[in-house]
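Here's the structure, in C-alpha cells; my notes come after.
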Amino acid sequence: MKKELAEQIQSDPDFQALIHHRTRTNWIMAITVIVVYFAFILMIAYYPQLLAIKISAGSEISVGIVAGFLIIVFAFLMTGLYVRRANATYDALTARIKETAQ
Amino acid sequence: MKNPMLILAGLAALITTLLFSTGALAADVVQKSINVPAVTMFVIFVALTLVVTYWAAKRTRTAKDFYAAGGNITGFQNGLALAGDYMSAASFLGIAALVYANGFDGLIYSIGFLVGWPIMLFLLAEKLRNLGKYTFADVASYRLAQIPVRTVAAIASLIVVSMYLVAQMVGAGKLIQVLFGLPYSYAVVIVGVLMVIYVTLGGMLATTWVQIIKAVLLLSGATFMALAVLYSFGFDFNAMFSKAVEISPKHEAIMAPGSLIHDPISAISLGLALMFGVAGLPHILMRFFTVTDAKEARKSVFVATGFIGYFYILTFIIGFGAIIMVSTNPAYLDAAHKLIGGNNMAAIHLSHAIGGNVFLGFISAVAFATILAVVSGLTLAGASAVSHDLYANVFRHGRVDEKTEMRVSRYATIALGILAIFLGIAFEKQNIAFMVGLAFAVAASANFPVLFLALYWKNLTTRGAVMGGLGGLITALVLVVLSQSVWVDVLGNATAIMPYKYPAIFSMPVAFILAWFFSITDHSVRAQAERDRFHAQFVRSETGIGAEGAVAH
C-alpha cells in the first residue's frame, strides 16, 4: 500500500471510528476470556478443594465440572458474539472506507 | 504431475497389498487376529481420500492453489478443517485417556486447548488474512527484513511441525499395531506414503477435504459413543458420575483437580502454553489464507470453536464412559489389571463395549484416518516453510517462478515424509508424552510473540523480532530438556534441573523482553524505515485493502 493512500485512509473519520470501536471491543473480549481462564487455572492451583464442592447435597456433580463446561460454552458464545458484532458493524464501516479510498 | 490418476492407482494398489499381505502375516506373528471391519473401513476411507486427491490434483495448478487451495475455501469448510487439525488422535485418545485415569484433570487440558481460539479470533485471525499470502511468516516479515525474519519463523515452524509429527507418527504406529495387527514400522510407512500422496498431488485442497471428511467421521463416531454412554444412564449425568465415582479406584478424587498439576507455577505455565500456543501453530495459521476474505476467516474460527468445544465435551463423557464400561471388564484388561494397549486405548475399548467389533472397526479406522489427516496438514505447513519461506524468499530473494517454487515444495514434502517415517521409527520406544506440550510451548514462545508484536507494536524491528523469536525458541527447548519429562524420563538422570513441568511462563517473557529490548535500542536506518512502514501495514490489516483475493476457476 502506498504511504499516501494509507495516510488518506487513516484520516478518514470512518476508519478512526472503526479502529476506536473495534480495538476497544477486541481487547475487552480478549481480556475477559483470559481473566476467566486464568481464574479457573488459579483456582486449580490454589483452591482445588473449592472446585471439589458438590453442587447440591446428594449430587456427585462438582463445582469444577460445571465451571469447566461453562467455560467451554462461554468460549463458544464469545466467538459468536464477536462474529455477530463484526458482521453487523465492522463490515459496513470497512465497505464505506474502501469506497472512500477509491 | 502429468498423470496423477495413474500414480494414484498404482500407489493405492501397492498400499492395499501391503495392508492385506502384512496383515495376514502379522496375524501369525503377533498372534493378534486381523480386525476385518477396521481394515475394510480404513481401506474405504483411503480410497475415498484418493479420489478426492485426484479431483484436487486436477485443480492444483498454481502456487496459490497448492498452498492456499486457491483461497476458495468457505468459512464453514475451513472451520471444520481447523477443527479437524485440532482433533488429532492425540487429543481424542489422549484426553479420553486422561479423563479415564484422572477424571476432572482431563478437562483442564480440554479447556486450555479451546480458549486459545477466541483469543486468536479477537486479536489475530482477520489481520492475518488481510496481510498474509501463504504462511504466517508472510505476516511476521510484512514490514521487516525478509531474510532474517523468515529464516527464524521457518526454523521455529519446522521444529513445531517435527515435534507434532513425532507424536502423531508414534501414536499411529502403536495404534495400528494394537488394532490392525500390523507391525509398527509398516504402519508408520503407510502413514508416511499416504500423506506424501495427498500433499504432493492435491496440495492444500486435498489436505483440507481429507481433514473435513475425517472431522465429520470423528464427530459422528464420538457423538454416537457419548450418546450410547448417556443412554445407558437414561441421560442422567448425576447417575453417570455417581457410578464412575463408585467404580474408579480414585473414587471422589475424579470429580476434582488432582495430581496432574502439582504447583501454581506449572499450572500457569501450562495455561499460557495452551492458550497462546494455538496462535503460533503453523499448520493452523496457514488455514487462514485458504478463505476468501477476513469475514470468512472470522466465521471459520466461530465454527471451529463450536466443533472443538463440542468434541471436548464428548471426550469427557467418553472418558467417564470408559471408567464405567471398560475398567471393570476383564476382556479389556491384561494380567496386571491394566488396559490392554495402555490408557490411550480407553476410547477404543469403549467403542467395542458399545458396538462390538463393527463399531470398534469404525472407531479404529477413524482414529487412523485422524492421524493421516493431521500429519498431512503438518507436512504441508512444513513444506511451505521450506519452499515458500526458506527457498523462494530467503535463498532466491523472491526471484523465483511459481513452477520452480511448487516443485521445491513437492520435494520438501517427500523429504518431510521420509523424515517423519524415520522419526516415527527412531522414537518408537521413547516416552514421547512431552512432544505435543513442547510443540505448544515452542509455538507460544517463538512464533506467537513475533507475530503479535509485528501486528501490534509499531516499534518492532527486524533485530528485535529475530532476537525475540530465537530467544523464546531456545529458552523453551532448553527448559524442556532440563525438565522432568526429558532430563529424567528420557535421559535417565536422577533429578530434574528445571523444577517445573512446563516452560512457557519463562520462555514467553524472554521472547517479549528480548524483542522489546533489541527493538528500542535499534537506531539503524533500516529500523526507522520498518517503523515507518507500520502505518501502511496497520491500514491494510484493519481494512483488507490490498489483501490477497481468491482465484476464480
Side-chain angles (χ1 to χ4, degrees), chain A residues 1-3 5-7 9-10 15 18-19 22-23 25-30 32-34 36-38 40-54 58-65 67-69 71-76 78-80 82-83 86-87 90-91 94 97-98 101, chain B residues 103-104 107-108 110-112 114-115 117-119 121-123 126 237-245 252-253 255-258 261 263-268 270-272 275 294-295 298-299 301-302 304-306 308-310 312-313 316 532-533 535-540 542-546:
Chain A
M1 184 180 292
K2 291 270 190 305
K3 211 177 167 186
L5 180 63
E7 274 164 11
I9 294 172
Q10 277 192 309
F15 182 78
L18 173 75
I19 299 309
R22 181 156 66 186
T23 309
T25 338
N26 286 12
W27 276 108
I28 290 173
M29 293 181 84
T32 311
V33 173
I34 292 172
V36 167
Y37 175 57
F38 279 98
F40 179 68
I41 290 291
L42 291 174
M43 284 284 281
I44 291 167
Y46 288 103
Y47 305 105
Q49 68 280 9
L50 286 183
L51 293 173
I53 296 170
K54 304 293 174 193
S59 174
E60 266 310 328
I61 301 171
S62 63
V63 172
I65 285 180
F69 276 90
I71 293 174
I72 291 178
V73 175
F74 166 76
F76 176 61
M78 289 293 277
T79 58
Y82 173 84
V83 169
N87 287 349
Y90 308 151
D91 286 349
T94 311
I97 295 162
K98 281 184 181 172
Chain B
F104 179 85
L107 200 57
I108 303 174
S110 302
I111 291 169
L114 186 71
V115 288
W117 287 91
I119 300 299
L121 174 62
F122 305 150
L123 300 182
E126 293 178 46
F237 277 93
N238 193 36
M240 180 187 79
F241 287 128
S242 305
K243 186 80 181 162
V245 167
E252 287 291 332
M255 303 303 286
I261 310 271
D263 61 293
I265 301 282
S266 292
I268 297 166
L270 174 70
L272 284 171
M275 184 171 229
K295 190 184 166 90
R298 180 197 298 159
K299 188 175 156 191
V301 183
F302 172 63
T305 311
I308 296 167
Y310 172 66
Y312 284 147
I313 292 174
F316 193 66
D532 289 343
R533 282 197 290 271
H535 291 295
Q537 174 195 296
F538 180 69
V539 171
R540 175 166 159 180
E542 293 287 342
T543 61
I545 295 172

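Chain letters run A, B, ... following the sequence lines, proteins first, then strands; residues in each count from 1.
For the set Ser242(B), Ala256(B), Ala244(B), Gly103(B), the count of heavy-atom pairs under 4.5 angstrom toward chain A peaks at Ser242(B). Highest contact tally toward chain B, considering only Ala101(A), Gly58(A), Gly64(A), is held by Gly64(A) [criterion: heavy-atom pairs under 4.5 Å]. The greatest number of non-hydrogen atom pairs below 4.5 Å with chain B, out of Val83(A), Val73(A), Leu42(A), Ile53(A), is found for Val83(A). The candidate from Ala253(B), Pro257(B), Gly544(B) with the greatest count of non-hydrogen atom pairs under 4.5 Å with chain A is Pro257(B). For the options Val63(A), Leu50(A), Thr23(A), Ile41(A), heavy-atom pairs under 4.5 Å to chain B are most numerous at Ile41(A). The most heavy-atom pairs under 4.5 Å with chain B, out of Arg22(A), Glu60(A), Met78(A), come from Glu60(A). In terms of non-hydrogen atom pairs under 4.5 Å with chain A, the most contact-rich of Ala239(B), Gly112(B), Ala294(B), Ala304(B) is Gly112(B). The choice from Ile71(A), Ile97(A), Ile34(A) that makes the most heavy-atom pairs within less than 4.5 Å of chain B is Ile34(A). Across Thr25(A), Asp91(A), Leu51(A), the residue that shares the most heavy-atom pairs under 4.5 angstrom with chain B is Asp91(A). With chain A as the partner, the residue from Thr305(B), Asn238(B), Ile313(B) showing the most heavy-atom pairs under 4.5 Å is Asn238(B).
Contact of Phe74(A) with chain B is not made at all, since no heavy-atom distance falls under 4.5 Å. Both the backbone and the side chain of Phe302(B) have a heavy atom closer than 4.5 Å to some heavy atom of chain A. Both the backbone and the side chain of Val115(B) come within less than 4.5 Å of a heavy atom in chain A. Of the atoms belonging to Ile308(B), not a single heavy atom falls under 4.5 Å from chain A.
In this structure the side chain of Thr94(A) never reaches within 4.5 angstrom of the side chain of Glu126(B), judged on heavy atoms. For the pair Met29(A) and Leu121(B), the minimum side-chain heavy-atom distance is 4.5 Å or more. The closest side-chain heavy-atom distance from Phe40(A) to Ile111(B) is below 4.5 Å. In this structure, the side chains of Tyr310(B) and Ile72(A) stay at 4.5 Å or more apart for every pair of heavy atoms. Val301(B) has its side chain out of reach of Tyr82(A): every pair of non-hydrogen atoms, C-beta onward, lies at least 4.5 Å apart. Proximity of Lys54(A) to Glu252(B): side-chain heavy atoms (C-beta onward) are separated by under 4.5 Å at one or more points. Side-chain contact between Tyr37(A) and Ile119(B): absent, with no pair of heavy atoms (C-beta onward) separated by less than 4.5 Å. Considering only heavy atoms from C-beta on, Phe241(B) comes within 4.5 Å of Ile65(A) through its side chain.
Atom CD1 of Ile9(A) and atom NE2 of His535(B) lie 13.5 Å apart (nearest 0.5 Å). Atom OH in Tyr90(A) sits 10.0 Å away from atom CD in Glu542(B) (nearest 0.5 Å). The OG1 atom of Thr79(A) sits 11.0 Å away from atom CH2 of Trp117(B), with the distance rounded to the nearest 0.5 Å.
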_Please determine whether side-chain contact (heavy atoms from CB on, under 4.5 Å) holds for the pair Leu272(B) and Phe38(A), giving the CA-CA distance in whole Å, both sets of side-chain angles, and the decisive distance to 0.1 Å._
CA-CA 9 Å; Leu272(B) 284 171; Phe38(A) 279 98; 3.7 Å; yes
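Taking both residues in full, the closest heavy atoms of Ala6(A) and Val539(B) are given as O-CG2, 3.7 Å, listed atom of the first, atom of the second, then distance.
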